[in-house]
Student: 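Here's a structure for you.
Any value given below was found using the heavy atoms of this structure, including those in side chains, with hydrogens, waters and symmetry copies removed. Whatever order the structure lists them in is the order used to number ligands and atoms, beginning at 1. Only a predicted model underlies this, so the values are computations on that prediction, with no experimental measurement involved.
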Amino acid sequence: MNVNDLKKSFVSIFNEEPERLFFAPGRINLIGEHTDYNGGKVFPLAITYGTYAYVKKRNDKQIRLVSKNFPQTGIVTASLDHLEKNAEVGWVNYPLGVIHYLKESGYMIDQGFDVLFEGNIPNGAGLSSSASIEMAAGVMARGIADLSISQVELIKLCQRVENEYIGVNSGIMDQFAIGMGKQGQALWLDCDTLEFEYAPVELEHEKILIMNTNKRRELASSKYNERRSECERALDVIKEHVDVSSLGELSVEQLSEVEGWLGDPLLFKRVKHVVTENERTKQAYMSLKAGDLEHVGQLMNASHQSLKEDYEVTGEELDALAEFTQTLPGVIGARMTGAGFGGCAIAIVKTGEVENVIKQTRRNYQAQIGYGADFYVASVGDGAKEIVVEGAGLG
Ligand code: GLA
């Protein structure tokens, strides 16, 4: 990503110089999958790939939006007075939703703007390009309209956009990781209380490898909402027997009792995943802090297994990546990351073996699935922020 090129594009599209540049990263989750909306723990980190937004304020109430990732949609125009959902152009609804909810929450945004977005997160890869553009729009709006909204409030607002404006019933993990990420640090987050701690992931002799299935994720949001409602149904039954407010409060020891209460093998499998995953996440956090990476790797492998067998969100493609890499020399652990149903898997790999792991996994995936996977080495970056560009706006 070259921000100078982005600036040049802005000038040629809007015929004026941009004033400010904002950025929001994507995220991966080390472990703790489908636990966030169940009041459990997650362990994500922000990556250095993300969404950039160059912006210039206008003197009227117009908003003009362009994305270099969707050149076919051209300039999309909206007004600060009419922020309803755009039925034709999907991507603009992320920034429009953010502006809409900021205004609705009483924040004063009375000047329009021209904005050019460009993201280098592979689209639809499950690295949270949607939360990334939301948070980029959020920090941008806060910056240009000088709003006094905290990062955590912005995070919550962006989650509401995803849930209510876009219609995906996702948890808080993505926006939180993208909002609060820190270079070299993973975030250990309690999704019930939003208390969190940073844990260093500056690995000395290993790399985090991101492996993209390149599988289209069209059905992902409906399947995601389905899993979420299965958990809600299970919780309703469990609540008749024990005083809990989320599945995240259950312990592994309670599972056999829960099985009897539920009397439904499918719902039990869902709950079993959530409860064991929550436990694995706690253990992974402690093991990483203690420098026991081997154990973190074992927990990652077990997490994948549970997401495959019990939560049933992996699919052939993610299994082909995670399960195959788990067998290779130098691989400490591997699992799918994010919602699943396609998207990406991650592996922690000894630095000297990274090339070989990519080569072998690439070959195996192509042979098994029939098309290629993509590979990236992750760097752990900062959360959403303004980027101060030398001389920006001056020519
Ligand atoms: C998606 C959602 C998150 C989380 C993960 C699964 O990324 O946006 O809130 O539920 O799936 O862990």
Student: Keeping to residues at least two apart or across chains, list the side-chain hydrogen bond (donor to acceptor under 3.5 Å, both in side chains) pairs with something in residues 272-282.
Tutor: Lys272-Asp310, His273-Ser306, Thr276-Arg280, Glu277-Arg280, Glu277-Ser303, Glu279-Gln283, Arg280-Ser306
Student: Regarding Lys269 and Glu309, does a basic nitrogen lie under 4.0 Å from an acidic carboxylate oxygen?
Tutor: no
Student: Between Glu323 and Lys308, is the closest basic N to carboxylate O distance under 4.0 Å?
Tutor: yes
Student: Running the 4.5 Å side-chain criterion over Ile, Leu, Val, Met, Phe, Trp and Tyr, what cluster does Leu321 land in, apart from itself?
Tutor: Leu209, Met211, Phe324, Leu328, Val331, Val349, Val354, Val357, Ile358, Tyr365, Ile369, Tyr371, Phe375, Val377
Student: If you measure only the distance, is there a donor-acceptor pair under 3.5 Å linking the side chains of Ser9 and Lys68?
Tutor: yes
Student: Let me know which protein residues bring a heavy atom to under 4.0 Å of ligand 1; chain then number is fine for ordering.
Tutor: Arg27, Glu33, His34, Asp36, Tyr37, Ser170, Gly171, Met173, Asp174, Tyr224, Gly338, Ala339
Student: Kindly state each residue pair satisfying salt bridge (Lys or Arg N to Asp or Glu O under 4.0 Å) with at least one member in residues 81-97, sequence neighbours excluded.
Tutor: Lys61-Asp81
